[in-house]
K.L.:
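Below you will find the structure I want to go over with you.
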Amino acid sequence: MSGRTLSHRPERRPVKIVAAEVIVTSPNRNFVTLKITTEDGITGLGDGTLNGRELSVASYLTDHVVPLLLGRDAHRIEDTWQYLYRSAYWRRGPVTMAAIAAVDVALWDIKAKAAGMPLYQLLGGASRNGIMAYGHASGRDLPELFDSVRKHLALGFRSIRIQTSVPGIDAVYGVAAQTEGERYDYEPAQRTPLPVEEDWDTRAYLRHLPGVFEAVRNEFGPELPLLHDGHHRMTPIQAARLGRDLEPYDLFWLEDCTPAENQEALRLVRQHTTTPLAIGEVFNTVWDYQTLIREQLIDYVRSAVTHTGGITAMRKLLDFAAQYQIKSGIHGPTDISPVGMAAALHLDLAIHNFGIQEYMQHGPLTDEVFRQSFTFADGYLHPGEQPGLGVELDEQAAARFPYVAAYLPVNRLKDGTVHDW
Ligand code: CS2
Ligand code: MG
């Protein structure tokens, strides 16, 4: 420092936060949105939706965080992130990190609007022309599955996740409900007073799945990128076996093959298979990935911006992953709101180590509440060129859909033991 004191620096006028509102709405499903307003009248939106536990984040924001935001300078994003993370004392975890993410993304929305540019420009500009997205095909049997793949190809998807029923198991994750003529994309949270109980049998699944991928490859050829979500249901050795058995079908990735609280568990999987591995949608901080990334035990980071502390934290996580040639595969189901999705797309477009983006299309009622400017064409998403995130929330429409309690299912093995859902 050359003896010049800070007082010489032309003072940028702080722009105070004058309002912060938590909006809970339930068009097709529950969403928690934070709306921050500055004294300049600029508003920013952030997603704090945590499926099946939405009200915990809404309360964390309303009762503990909003009082801390009023009067703060909206443009000090990193400082606010550190302030919320460190001053909470109780760090990490899904509720805290979703609340911090909602604030962080709303502040990035404000800064980009104030700068008059789409957020990706503020994050360093576009590193590609579009964002490869994958869609969710599923079926109770092969004809239904093939039909679903064809439907997604017709919608423009160029990468497809494959989920299927398993003989002998009543209800399996990821298989869309089918009512006469109608087909609903799979929404796991049920609006029931208690969680629905599903059954599971890993050995039946391990016997069944390789045959499904063989059939899909025979039907659709070797090039189509295919993904599968193991949804945390296998032990490390079972995951190793499945990864090996699926190698002939050249998967883009096998996701959440085993619960990864014990990150070292993936060493055993890695020893036995070269099927690319994606993990992280239930993670909340970079610390959840340290061993996985440092030891090259995964190929794709699956975190959502909404569940991992926002743009500020996700960019640092993905920069860390980039040092190990690990790419992004950001979580994008319908329980990530259009605000959380838009934040992911701006990051996807700007980062170098982009892999792929999950894209489950929201329902028509959700589109009434959230006006989005992102586009999907020929398999590629783009966040659009609106200043900020490019998503506006219609508060009158939101008020028409009050919160409805909903739960994710619970899984039990044949003998009644609780298992990972
Ligand atoms: C899934 C999610 O999209 C995925 O990869 O794992 O649908 C997940 O089940 C939900 O986000 C749970 O809320
Ligand atoms: Mg998943």
Side-chain angles (χ1 to χ4, degrees), residues 26 28-32 47-57 94-95 97-98 101 133-138 148 152 157 159-164 171-177 184-192 195-196 198 200 205 209 225-234 239 242 251-261 276-284 288 292 298-308 328-338 340-341 344 355-363 366 381 404-411 419-421:
S26 195
N28 294 97
R29 49 148 302 110
N30 296 321
F31 295 114
V32 173
D47 178 26
T49 306
L50 191 62
N51 207 4
R53 297 291 184 274
E54 293 89 354
L55 296 184
S56 61
V57 182
V95 176
M97 300 317 287
Y134 73 89
H136 288 193
S138 66
S148 175
H152 281 81
F157 284 98
S159 302
I160 308 274
R161 187 186 83 166
I162 300 289
Q163 304 293 135
T164 176
V172 173
Y173 163 76
V175 179
Y184 294 100
D185 229 345
Y186 180 75
E187 173 52 66
Q190 318 272 327
R191 291 172 164 173
T192 48
V196 169
E198 298 183 348
W200 181 248
Y205 164 75
L209 201 70
L226 297 177
L227 304 85
H228 179 70
D229 194 342
H231 225 256
H232 327 271
R233 291 168 183 223
M234 291 166 271
L242 183 64
L251 266 64
F252 184 94
W253 79 33
L254 171 60
E255 176 187 340
D256 284 330
C257 59
T258 190
E261 289 96 325
L277 302 175
I279 281 185
E281 71 179 47
V282 295
F283 288 173
N284 316 110
D288 300 320
L292 294 174
I298 60 171
D299 306 287
Y300 297 92
V301 166
R302 276 290 282 149
S303 272
V305 173
T306 298
H307 298 144
T308 316
S328 71
I330 297 182
H331 192 212
T334 42
D335 48 287
I336 298 289
S337 87
M341 188 66 179
I356 199 166
Q357 171 67 49
E358 179 177 17
Y359 181 37
M360 240 178 114
Q361 292 161 315
H362 287 103
T366 301
L381 286 158
V404 184
Y407 284 103
L408 286 168
V410 168
N411 224 1
H419 190 66
D420 301 285
W421 172 74

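Atoms within each ligand, like the ligands themselves, are counted from 1 in listed order.
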K.L.:
Number the atoms of ligand 1 from 1 as they appear, then name those within less than 4.0 Å of a heavy atom of H331, with their elements.
P.N.:
1 (C), 2 (C), 3 (O), 4 (C), 5 (O), 11 (O)
K.L.:
Counting each atom of ligand 1 from 1 as listed, which ones have a heavy atom of D229 under 4.0 Å away?
P.N.:
1 (C), 4 (C), 5 (O), 6 (O)
K.L.:
Judged by modelled atom types alone, do H228 and E255 share a side-chain donor-acceptor pair under 3.5 Å?
P.N.:
no
K.L.:
Below 4.5 Å, heavy atoms only, C-beta onward: do M341 and Y359 meet side chain to side chain?
P.N.:
yes
K.L.:
Counting only heavy atoms, which portion of E255 has something under 4.0 Å from ligand 1: side chain, backbone, both, or neither?
P.N.:
side chain
K.L.:
Below the 3.5 angstrom mark, is there an N/O of E281, backbone or side chain, next to an N/O of ligand 1?
P.N.:
yes
K.L.:
Assign the ring pair Y205 / W200 to parallel, tilted or perpendicular, where the plane angle (0 to 90°) is split at 30° and 60°.
P.N.:
tilted
K.L.:
Can you name the atoms of ligand 1, numbered from 1 with element, that are less than 4.0 Å from a heavy atom of L408?
P.N.:
13 (O)
K.L.:
Could you tell me whether some N/O pair between E358 and ligand 1 is separated by less than 3.5 angstrom?
P.N.:
yes
K.L.:
Using every non-hydrogen atom in the two residues, find where L254 and G230 come nearest and quote the distance to one decimal.
P.N.:
CD1-N, 4.4 Å
K.L.:
Of all the atoms in ligand 1, which lie at a distance below 4.0 Å from a heavy atom belonging to R161?
P.N.:
3 (O), 4 (C), 5 (O)
K.L.:
Check the orientation of H152 and F157. Use parallel for under 30°, tilted for 30 to 60°, and perpendicular for over 60°.
P.N.:
tilted
K.L.:
Please determine, by modelled atom types, if R29 and T49 share a side-chain donor-acceptor pair under 3.5 angstrom.
P.N.:
no
K.L.:
Over all heavy atoms of both residues, which pair between Y407 and T192 is shortest? Give the atoms and the distance, please.
P.N.:
CD1-O, 3.5 Å
K.L.:
Which atoms of ligand 1 sit under 4.0 Å from any heavy atom of W421?
P.N.:
9 (O)
K.L.:
If you consider just the N/O/S atoms, which atom of E255 is the closest one to the Mg ion (ligand 2)?
P.N.:
OE2
K.L.:
Starting from the Mg ion (ligand 2), look over the N/O/S atoms of E281 and name the nearest one.
P.N.:
OE1
K.L.:
Evaluate the ring planes of F31 and H362, with Trp represented by its six-membered ring, and classify them as parallel (under 30°), tilted (30 to 60°) or perpendicular (over 60°).
P.N.:
perpendicular
K.L.:
With a 4.0 Å heavy-atom cut-off (strictly under), which part of D256 contacts ligand 1: side chain, backbone, both or neither?
P.N.:
neither
K.L.:
At under 4.0 Å between heavy atoms, which part of H232 makes contact with ligand 1: side chain, backbone, both or neither?
P.N.:
neither
K.L.:
What is the name of the N/O/S atom of D229 that is nearest to the Mg ion (ligand 2)?
P.N.:
OD2
K.L.:
Identify the residue among I160, D299, L226, I356 that makes a side chain to side chain contact (heavy atoms under 4.5 Å, CB included) with F252.
P.N.:
I356
